[in-house]
*Asks:* 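Here it is: the structure, laid out below.
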Amino acid sequence: MPLPENFIDAIYRDPGLERYRGNPLIEALPPVMDLKAMKASLTGKVDFNHQDCFDKGHLRAHQISSLLDDFFQPLSIHRQLEEKISILIRAGYVGRNIADGSLNRKMQEGYKRIMSGATSDYRFSQSNSTAKSLSLIGCSGSGKSSTVNRILATYPQVIYHPKYNFIQLPYLRIECPSDGSLKSLCLNFFREVDRTLHTEYEKTYARKRHSPEVLLSLMGQVATQRAIGVLVIDEIQRLTLKRSVSKEAMLEFFVALVNVIGVPVVLVGTPKARPIFELELQAGRRSAGFGSLFWEPMQHGPTRVDPRTGMPRRTEWQAFTDKLWQYQWLTNREEVLSDAVRDCWFDLSQGVLDIVVKLFVLAQMRAISTGLERITVKLLRTVYEQELKPVHPMLDALRRGDPELITKYSDLQLPGIDKRILQLRKAIDERQAKQEPDQPFSGNETASRLHTMLQALGCESKLLQPLIENALKDYPKLSIPELSSIILDWYHKPAKPKKTKPETVKVAEWGTLPSEDLRFKFSQAQKGKLYEELTYGAELFDVPSWLKKVG
C-alpha cells in the first residue's frame, strides 16, 4: 500500500553528535544546518530579468505582486530562531527513542496518567523529560509566523520508519481558537493531527465532555504515540480574550503543556500575550523552562566599522533594502538606493518587515499607474498616507517607543491589500490602453523581443520601432543577435540635424521626465522647497566656493 503524499520513508544519517547517535527519530531528520545552508533554505526565490522592466504594465503588475509571497531575506534573528528550533526538536527526542524502548515507557506512563484522571503527576516525577519551550513575541507583520513556517518547512511533515513500523511527526503547528478557549485549543491539536495523518482523534475525544486537564493528558499520549518533535502554537494572544481565564490559569496551562505532553513547545504571539510571561518571570517560575525571544522590528543603525578593513559595515536595514531594491520592474528605476529614499522608507515602515515589503510593492504599482516609473520620497509618502491608514496607529506607537501603545495596537492588520492591488492593476491597464491604442509590430514576437532587449540596453523606445521594422524588412533571415548588432549600428549613427520646434511637456506630466530634469525635481519637491532639494555644484552654481577662489 503506497504512503500518503505527505509521508516519506526514513533515511538514517549520522547526526554528528554522540548525544544524538543511536536514536532513529533524530537520525531520520535533515542534517543540522550551518549558516550557508540556512540562508539557502530560507531565502525566497524571486524570478527577475532586467528585460522584464520594459514589459507591458499589466504583466509587470503580476511580477511585482509576487514579492508579497516570494521575497524573504534571512536576518540574524531568523538564524537565531532556526537554531533554537533545531535544538528544541533534537533535544526533545533525546528522552524518546524507538530503538531502546524509552518511547514505549513514556507511552505507558501517559496511559497511567490518563487512567488516574491526570491527578497523580507526582508518580511519574522520575521520568527524564528533555522537553523545553520557547515564547516568540512580536508585533503583527514583523515576520514571526512566516519565519516559523519557513523553518518548519525545512523538515519533512511526516516520516515513516519501516524498520519499526512507526510514524513520526517532526513538527505540528496549530493556532489558538478565536474564542480564546483552552478546551478549543486542545481540540485544535487533535484536528491538526487528523489533517496530517488522516486519523480520527477529534471525533473520538470531542464526543466526551473532557476537561482541559484530561484533554492535556490525551494530547500527551497522542504526542508520544506520534513522536511529535515540536508543537508550535500561534496567535496565543487570543487566549487573553476570554475574561473568565486569568493570567495565572493560562500560565499554569502552559506549564502543564510542557510537563504533561512532554514535547518542546513554541508559543508565538503579539505583545498582548507578554503579560503572561512577565508574570512567570516575576513569580520566579522556571518549571516550564520558558525562554523568551522578543521579535523587535528591524533597526536603522547604527553603522559599525569592520576592524579588519576599517570600512563601515552595512547594517541589516541597509542589506535588506538593498536586496529588495533590486526587484524593481520600472523603466526609469534608480539602480542605487539613495539615502533619502532609504531613510524615508524606514521612517514610514518603522522596520516592520510586512510593511516594508507592502510599501515597496504598492509604490511600484502606483509608479506604473501614474507614469512616474521610479520610486521617490514623495511617492512613498503618498502611498503611506493613502494606502496604509489602518496601520498608522501601530507605526506611530513604534515611533514613540511607547510600550503601552505598542501593546494596544500590536494586533492591527492591513486589510484589503489584495483589493487595492487589483485596483492599481486596473489603473495600470487604463493608462496602458491610452498610451498604446495599437499593438506595436502587429504581434511579431521577434520584433517585440528585439524591442525589449534593446530597451534594456538603454535605447530610447520611440527611436527603436522604425529601426526594428526596417531591419526585419531588409534582413528577414538573420538571428536576433545579428539583427540587434545592425540596429545598434543604425541607432548610434549621427543623424543629420533637423530644425524642430522645442517639445512642450505639460506640467501634469513633469513627473514622467528623467530624474536629472529640473522639471521632474520640481514635481517631487514640497511646495516652496525646491531650492532646498538642489545641491551646490550640481543644479546650483557654487557661488560661495567661487568667491573664495577669486578672493
*Asks:* Can you find a heavy atom in the side chain of L348 that is under 4.5 Å from one in the side chain of V383?
*Replies:*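 Not touching, per the 4.5 Å side-chain cut-off.
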*Asks:* Does atom CD of E200 have more than 12 heavy-atom neighbours from other groups under 6.0 Å away?
*Replies:* no
*Asks:* Can you tell which of T321, L353, T315, I77 makes a side chain to side chain contact (heavy atoms under 4.5 Å, CB included) with M298?
*Replies:*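 Filter result, single survivor: L353.
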*Asks:* Once you round to the nearest 0.5 Å, how far does CE of M394 lie from OG of S140?
*Replies:* 6.5 Å
*Asks:* With the side chain counted from C-beta on, respond yes when M33 and E83 share a heavy-atom pair under 4.5 Å apart, and no when they do not.
*Replies:* no
*Asks:* Short question: side chain of D194, backbone of E202 - any donor-acceptor pair under 3.5 Å?
*Replies:* yes
*Asks:* Do F360 and I375 have side-chain heavy atoms sitting under 4.5 Å apart?
*Replies:*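 Sidechains of I375 and F360: in contact.
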*Asks:* Verify the ring-centre separation between F189 and Y205: is it less than 6.0 angstrom?
*Replies:*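 Centroid separation for Y205 and F189: 6.0 Å or greater.
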*Asks:* Hey, is the main chain of Q318 close enough, under 3.5 Å, to the side chain of R342 for a donor-acceptor pair?
*Replies:*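 Here the side-chain-to-backbone pair exists.
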*Asks:* Quick one: do T199 and V193 satisfy side-chain contact (heavy atoms from CB on, under 4.5 Å)? Show the steps, please.
*Replies:* CA-CA 7 Å; T199 50; V193 172; 4.0 Å; yes
*Asks:* For K144 and G269, which heavy atoms make the closest approach, and how far apart are they?
*Replies:* CE-O, 3.4 Å
*Asks:* Between Y20 (side chain) and R90 (backbone), is there a donor-acceptor pair under 3.5 Å?
*Replies:* no
*Asks:* So, S41 side chain and M38 main chain: donor-acceptor pair closer than 3.5 Å or not?
*Replies:*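 Looks like no, no N/O pair under 3.5 Å.
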*Asks:* Any donor-acceptor pair under 3.5 Å linking the side chain of S66 with the backbone of Q63?
*Replies:*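 The answer is yes, because a donor-acceptor pair under 3.5 Å joins these two groups.
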*Asks:* Determine, stepwise, if the pair I174 / V232 fulfils side-chain contact (heavy atoms from CB on, under 4.5 Å).
*Replies:* CA-CA 6 Å; I174 62 175; V232 177; over 6 Å; no
*Asks:* So, for A28 and I159, which heavy atoms are closest and what is the spacing to 0.1 Å?
*Replies:* O-CD1, 3.8 Å
*Asks:* What's the shortest heavy-atom distance between P30 and Y155, and which atoms?
*Replies:*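 Looking at all heavy atoms of both residues, the closest pair is CD-CD2, 3.8 Å.
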*Asks:* Taking only residues two or more places apart in sequence, or in another chain, which ones meet Y12 in a side-chain hydrogen bond (donor to acceptor under 3.5 Å, both in side chains)?
*Replies:* H161
*Asks:* Please examine the side chains of V268 and I233, heavy atoms only from C-beta on, and report whether any two atoms are closer than 4.5 Å.
*Replies:*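 They are not in contact (no side-chain heavy atoms under 4.5 Å apart), so the answer is no.
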*Asks:* Would you say the side-chain atoms of N149 pair up with the backbone N or O of S145, donor to acceptor, closer than 3.5 Å?
*Replies:* yes
*Asks:* Of all heavy-atom pairs between T224 and G220, which one has the smallest distance, and what is that distance?
*Replies:*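 Smallest interatomic distance, heavy atoms only, reads OG1-O, 2.8 Å.
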*Asks:* Out of R226, E192, Q221, which one pairs with Y201 under the side-chain hydrogen bond (donor to acceptor under 3.5 Å, both in side chains) rule?
*Replies:* R226
*Asks:* Considering only heavy atoms from C-beta outward, does the side chain of L134 approach that of L81 to under 4.5 Å?
*Replies:* yes
*Asks:* Which heavy atom in L379 sits nearest to a heavy atom in A363, and how many Å separate them?
*Replies:*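 That would be CD2-O, 3.4 Å.
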*Asks:* Can you tell me how far the CD1 atom of I98 sits from the CG atom of N23, to the nearest 0.5 Å?
*Replies:* 7.5 Å
*Asks:* Could you give the distance from CG (L395) to CG (L388), rounded to the nearest 0.5 Å?
*Replies:*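 Between atom CG of L395 and atom CG of L388 there are 7.5 Å.
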*Asks:* Going through the checks in order, is the salt bridge (charged side-chain N to carboxylate O under 4.0 Å, His left out) test met by D234 and R173?
*Replies:* CA-CA 8 Å; D234 205 350; R173 180 188 173 276; 2.9 Å; yes
*Asks:* Is it the case that more than 12 heavy atoms not belonging to K45 sit under 6.0 Å from its NZ atom?
*Replies:*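 Check passes, neighbour count above 12.
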*Asks:* Side-chain contact, heavy-atom cut-off 4.5 Å: V265 with V230?
*Replies:* no
*Asks:* For G92, does its backbone N or O pair with a side-chain atom of R96 as donor and acceptor, under 3.5 Å?
*Replies:*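 Side chain of R96 to backbone of G92: a pair is present.
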*Asks:* Please assess F294 against L136 for the test side-chain contact (heavy atoms from CB on, under 4.5 Å), listing each intermediate value before the final yes or no.
*Replies:* CA-CA 6 Å; F294 295 107; L136 180 60; over 6 Å; no
*Asks:* Between atom OG of S135 and atom CG of L267, what is the distance when rounded to the nearest 0.5 Å?
*Replies:* 6.5 Å
*Asks:* Would you say that more than 12 heavy atoms from the other residues, nucleotides or ligands in this model lie under 6.0 Å from the CG of D14, or not?
*Replies:* yes
*Asks:* Going through the distances and angles, do D396 and R399 end up as a salt bridge (charged side-chain N to carboxylate O under 4.0 Å, His left out)?
*Replies:* CA-CA 5 Å; D396 287 341; R399 288 189 192 97; 2.6 Å; yes
*Asks:* Which residue pairs pass the side chain to side chain donor-acceptor pair (under 3.5 Å) test with at least one member in residues 67-78, sequence neighbours excluded?
*Replies:*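 Those involving residues 67-78 are S76-E316, H78-T147.
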*Asks:* Please give me the minimum heavy-atom distance between S369 and R366, naming the atom from each residue.
*Replies:*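 Closest approach of S369 to R366: OG-O, 3.0 Å.
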*Asks:* I would like to know whether E82 and R150 meet salt bridge (charged side-chain N to carboxylate O under 4.0 Å, His left out); could you show each step before the answer?
*Replies:* CA-CA 9 Å; E82 188 281 326; R150 281 183 176 269; over 6 Å; no
*Asks:* Hey, is E175 close enough to R238 for a salt bridge, meaning N to O under 4.0 Å?
*Replies:*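 A salt bridge is present here (some side-chain N lies under 4.0 Å from a carboxylate O).
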*Asks:* Whether the side chain of K183 engages the backbone of H210 through a donor-acceptor N/O pair (distance < 3.5 Å, no angle test) should be reported.
*Replies:*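 It does hold such a pair.
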*Asks:* Got a donor-acceptor contact below 3.5 angstrom from the K389 side chain to the E387 backbone?
*Replies:*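 Pair absent, no side-chain N/O of K389 close to backbone of E387.
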*Asks:* Answer yes or no: is there a side-chain heavy-atom contact under 4.5 Å between W295 and T270?
*Replies:*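 The answer is no, as the side chains (C-beta and beyond) never meet within the 4.5 Å cut-off.
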*Asks:* We want to know whether H300 and D343 form a side-chain donor-acceptor pair, criterion being a heavy-atom distance below 3.5 angstrom.
*Replies:*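 Note: H300 and D343 side chains meet the donor-acceptor criterion.
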*Asks:* Do V352 and C139 come within less than 4.5 Å of each other through their side chains, counting heavy atoms only?
*Replies:* no
*Asks:* Give the intermediate values and the outcome of salt bridge (charged side-chain N to carboxylate O under 4.0 Å, His left out) for residues E27 and R13.
*Replies:* CA-CA 5 Å; E27 292 177 344; R13 295 189 182 93; over 6 Å; no
*Asks:* In Å and rounded to the nearest 0.5 Å, what is the CD1 to CG distance from I428 to L59?
*Replies:* 10.5 Å
*Asks:* Would the number of heavy atoms belonging to other residues, nucleotides or ligands and lying under 6.0 Å from CD1 of I11 be above 12?
*Replies:*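 No, not enclosed.
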*Asks:* What distance separates T154 OG1 from Y171 OH, expressed to the nearest 0.5 Å?
*Replies:*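 Output value for this atom pair is 8.5 Å.
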*Asks:* Pick one: which of L187, L185, L182 meets side chain to side chain contact (heavy atoms under 4.5 Å, CB included) with P177?
*Replies:*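 With P177 as partner, side chain to side chain contact (heavy atoms under 4.5 Å, CB included) holds for just one option, L185.
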*Asks:* Applying side-chain contact (heavy atoms from CB on, under 4.5 Å) to W345 and L359, what does each step give before you reach the verdict?
*Replies:* CA-CA 8 Å; W345 198 355; L359 182 60; 3.7 Å; yes
*Asks:* So, the side chain of Q364 versus the backbone of Y327: is there a donor-acceptor pair under 3.5 Å, distance only?
*Replies:*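 At least one qualifying donor-acceptor pair exists.
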*Asks:* Determine, step by step, whether Q326 and Q328 satisfy the side-chain hydrogen bond (donor to acceptor under 3.5 Å, both in side chains) criterion, reporting the C-alpha distance in whole Å, the side-chain angles of both residues, the deciding distance to 0.1 Å, and the verdict.
*Replies:* CA-CA 6 Å; Q326 297 174 18; Q328 292 182 74; over 6 Å; no
